Amino acid sequence: MDKNYYITTPIYYPSAEPHMGHAYSSIVADFFARFKRIDGHKVFFLTGTDEHGLKIQRAAENKGVNTLDFCDEISKTFRDLSKTLNLTNTDFIRTTEKRHKLSVQHLWNELKKNDDIYLSKYSGWYSVSDEAFYGEDEIEEIDKKKRAKISKSNVEWVDEESFFFRLSKWEKPLLDFYKKNPDFIAPLSRKNEVISFVESGLKDLSVSRKSFSWGIQVPNERNHIIYVWLDALTNYLSALNYPNTNDKLFKDFWPASIHMIGKDILRFHAVYWPAFLMAAKIELPKKVFGHGWILSGDEKMSKSKGNILKPLEIINEYGLDPLRYYLIKEVSFGNDGNISQERLEDCINSDLANNFGNLCQRVSAFVIKNCKSEIPDKVNFLDKDLELLDNYKNNLNNIREKIDDQDINFYINYIVNSLFAANKYFNDEEPWSKKDDPIRLNTIIYVSLEIIRKICFLLYPIIPSSSLKALKIFGLNEKDIIFSTLENHNYLIAGNKINKIDILFKKIEAK
Ligand code: MSP
């Protein structure tokens, strides 16, 4: 098994403050990073901000502030959000940093050296909001305005000298690569979209602009700045100290295990990025996963649509872990998901307070009251006990495979079912009526505690603080559960103390 794992989020445009869509990409990436860490991997988890290009330059101009000051301020809100979301990112990269600039210019020189870049003229449509070029067939007219069909964003006509990347040359190698690496693009439906896009023919890509200045300069070409997507995508390399390919970080973590992105930016990651890398003779990432959108009333949540649910407001009202749990559970991963406060409250009440919180409270309180606050000694497992205990051990490899398929739905269902089974077991076995059969009583308590312990481990990637709060029952803390802990089944030692814990989740009362 490959023990190093490199996961990235998209780097966000600091053109406006972060919203729920951004929080979603980051939370799911953090989920995978945390799971891999408790399963014994060394993890590099990268996020950051994408600060160049006309979109940012205009946003700063509209506010009448210096562009870098503008970026500093909004980039900080993204960095702060990473903390608020309890992300375990290893690094936070900004494309305005020197390390990134050097990396992008080096990559440019590699492309140039290999004859993949030439000077010509671009005449065509450009969407500043998407920072993307569109062909005539990708444009429609709505309310007398030209818009990109795919995003509905306004486009403007560009006519200027530009360097081009020979994307057309990479059409066949890309198709061959997709064939040889069937898992490169996920989920499957998106892979098919990408393949038909490439099969329909790739045109060379304009990769420099002359009409504005906010970006990284093309080496030795004072008037050209590098196309913001070529600049932005390179962040995945800069954070590992590219071009120093002998650097330990680069050696340990490149190629990336997975780029986690929204489906809106799949073309950049699954077509342009691998083509740039092939041209520069750099190994390609192992996977690009395009998740769906968070919808608000059936529309993509975005600033321009004014339908934003603010993560900070939700966190202030309900707490972070409920939000993390809700997004991971309710948005079927890979598909779009409509979110609502009502469903969030349901989730808190039924899954978190009733199913998980209550189980932890009931069992720990029972042990404290009736078993001297200790993990019991003599036990005798019946088949029904072993069935429950072994379920997790027997499913561990399956869980790992599902995680490598990004099947979050399986993972969460496994947890919810385990919680139901554990609650049912405790109710049906009635330990309170077994006081004259100490071995049976001990066994029921042992099994219930062990299931709680395992579920807490599995919940850690989703609701880290609450899982750690619950693990106080066993006196376990975060450092006890990092690294290969899913393999270890010997946490419960007879005679060890069981502690009282605070309420994990408060139920939301009907308004
Ligand atoms: N800067 C580029 C990405 C460069 S990566 C080398 C960009 N930034 S963005 O801020 O506009 O959006 C980044 C990502 O935020 C999207 O790809 C997606 O992952 C996430 N989301 C933004 N709005 C979203 C929703 N409404 N729903 C879910 N995620 C969405 O594109």
Side-chain angles (χ1 to χ4, degrees), residues 2 4 6-8 10-11 46 95 100 102-120 131-133 162-186 190-208 216 218-219 226-247 249-261 265-290:
D2 188 355
N4 289 347
Y6 178 24
I7 183 164
T8 65
I11 47 170
L46 181 66
T95 55
H100 176 70
L102 293 176
S103 172
V104 173
Q105 289 183 325
H106 185 90
L107 184 70
W108 178 282
N109 284 335
E110 290 296 293
L111 301 179
K112 189 91 202 292
K113 190 170 86 193
N114 299 338
D115 190 33
D116 272 286
I117 283 185
Y118 62 93
L119 189 62
S120 181
E131 295 285 17
F133 300 95
S162 167
F163 284 98
F164 279 75
F165 170 72
R166 290 187 202 284
L167 184 63
S168 55
K169 169 176 146 189
W170 296 99
E171 188 179 309
K172 171 94 179 31
L174 279 170
L175 291 170
D176 289 345
F177 177 79
Y178 302 145
K179 200 174 264 167
K180 274 203 208 107
N181 298 276
D183 294 332
F184 176 64
I185 305 168
R190 306 223 202 291
K191 170 176 154 175
N192 298 338
E193 272 167 38
V194 170
I195 293 181
S196 39
F197 171 74
V198 176
E199 277 172 346
S200 71
L202 293 177
K203 291 200 195 78
D204 289 352
L205 181 71
S206 161
V207 284
S208 79
I216 298 176
V218 171
I226 297 175
Y227 175 40
V228 63
W229 271 101
L230 174 51
D231 165 346
L233 287 159
T234 309
N235 90 89
Y236 303 132
L237 295 173
S238 334
L240 301 183
N241 297 331
Y242 176 84
N244 186 358
T245 49
N246 283 323
D247 188 275
L249 273 186
F250 193 89
K251 282 190 156 156
D252 280 356
F253 292 106
W254 192 259
S257 314
I258 186 161
H259 294 314
M260 191 58 71
I261 55 165
I265 54 175
L266 192 59
R267 191 183 291 183
F268 302 97
H269 283 80
V271 182
Y272 301 167
W273 182 226
F276 296 149
L277 291 170
M278 281 181 184
K281 303 188 172 52
I282 300 173
E283 221 179 316
L284 306 202
K286 291 184 196 134
K287 194 181 243 185
V288 173
F289 191 102

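Nothing here was measured: the structure is a model prediction, and the numbers come from that model. As a basis for the values below, the full set of heavy atoms in this structure was taken, side chains included, without hydrogen atoms, waters or symmetry mates.
By the 4.5 Å heavy-atom criterion applied to side chains, Y6 and L240 are counted as neighbours. K191 has its side chain within reach of P182: a pair of non-hydrogen atoms, C-beta onward, lies under 4.5 Å apart. Taking 4.5 Å as the limit, some side-chain heavy atom of W170 sits within range of a side-chain heavy atom of D116. At least one side-chain heavy atom of L46 sits under 4.5 Å from a side-chain heavy atom of N235. Side-chain contact between N241 and F250 is absent, with no heavy-atom pair separated by less than 4.5 Å. The shortest distance between side-chain heavy atoms of T234 and S103 falls below 4.5 Å. Residues I265 and W229 are in side-chain contact: their nearest non-hydrogen atoms beyond the backbone lie under 4.5 Å apart. When side chains are defined from C-beta on, I7 does not count as touching S257, because their heavy atoms never get closer than 4.5 Å.
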- request: Mind running side chain to side chain contact (heavy atoms under 4.5 Å, CB included) on I258 and V288 for me, showing each step along the way?
  value: CA-CA 6 Å; I258 186 161; V288 173; over 6 Å; no
Note to self: Could you go through Y236 and H269, starting from their C-alpha distance and side-chain angles, then the distance that decides it, and tell me whether this counts as side chain to side chain donor-acceptor pair (under 3.5 Å)?
What the structure shows: CA-CA 11 Å; Y236 303 132; H269 283 80; 2.7 Å; yes
ask   = So M278 and F177, side chain to side chain contact (heavy atoms under 4.5 Å, CB included) or not? Walk me through it.
value = CA-CA 10 Å; M278 281 181 184; F177 177 79; 3.7 Å; yes
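Note on residues 267-284: pairs passing salt bridge (charged side-chain N to carboxylate O under 4.0 Å, His left out), not counting sequence neighbours, are E138-R267. Legend: salt bridge (charged side-chain N to carboxylate O under 4.0 Å, His left out) pairs involving residues 176-186, not counting sequence neighbours, sorted by first then second residue: K172-D176.
Between T95 and I216, the shortest heavy-atom contact is O-CD1, 4.3 Å. Of all heavy-atom pairs between L277 and P285, the closest is CD1-CD, 3.5 Å. When every heavy atom of A270 is checked against every heavy atom of F184, the shortest pair comes out as O-CE2, 4.0 Å.
Other residues, nucleotides and ligands place no more than 12 heavy atoms under 6.0 Å from the NZ atom of K112.
In terms of the salt bridge (Lys or Arg N to Asp or Glu O under 4.0 Å) criterion, residue partners of R166 (sequence neighbours excluded) are, by chain and number, D115. In this view, F163 and W108, H224 satisfy the ring-ring contact (aromatic ring centres under 6.0 Å, His included) rule, not counting sequence neighbours. With sequence neighbours excluded, the residues that form a side-chain contact (heavy atoms from CB on, under 4.5 Å) with A280 are L107, E110, L111, I282.
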Review item, side-chain donor-acceptor pairs of residues 197-207, under 3.5 Å, at least two apart:
residue, atom, partner, partner atom, Å
S200, OG, F197, O, 2.7
D204, OD1, L167, N, 3.2
D204, OD1, S168, N, 3.0
D204, OD1, S168, OG, 2.6
D204, OD2, Y118, OH, 2.6
S206, OG, S162, OG, 2.8

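Atoms CZ and CG, on F268 and L233 in that order, are 8.5 Å from each other to the nearest 0.5 Å. Interatomic distance, I195 CD1 to L174 CG, rounded to the nearest 0.5 Å: 10.5 Å. Taken to the nearest 0.5 Å, the CH2 atom of W273 stands 8.5 Å off from the CG atom of L230. Within the model, atoms CH2 of W254 and CG of L284 stand 8.0 Å from one another, a figure rounded to the nearest 0.5 Å. Going from atom CD1 of I185 over to atom CG of N192 covers 9.0 Å, rounded to the nearest 0.5 Å. For the atom pair L237 CG and F253 CZ, the distance stands at 14.5 Å (nearest 0.5 Å).
For the side chain to side chain contact (heavy atoms under 4.5 Å, CB included) criterion with V218, the lone passing option out of L119, I226, N109 is I226. Under the ring pair (Phe, Tyr, Trp, His ring centres under 6.0 Å) rule, F133 has a single partner from F165, F164, Y272, Y227, which is Y227.
Proximity of a side-chain donor or acceptor of N114 to a complementary backbone N or O of A279 within less than 3.5 Å is detected.
Of the N and O atoms on the side chains of H259 and T8, at least one donor lies less than 3.5 Å from an acceptor on the other residue.
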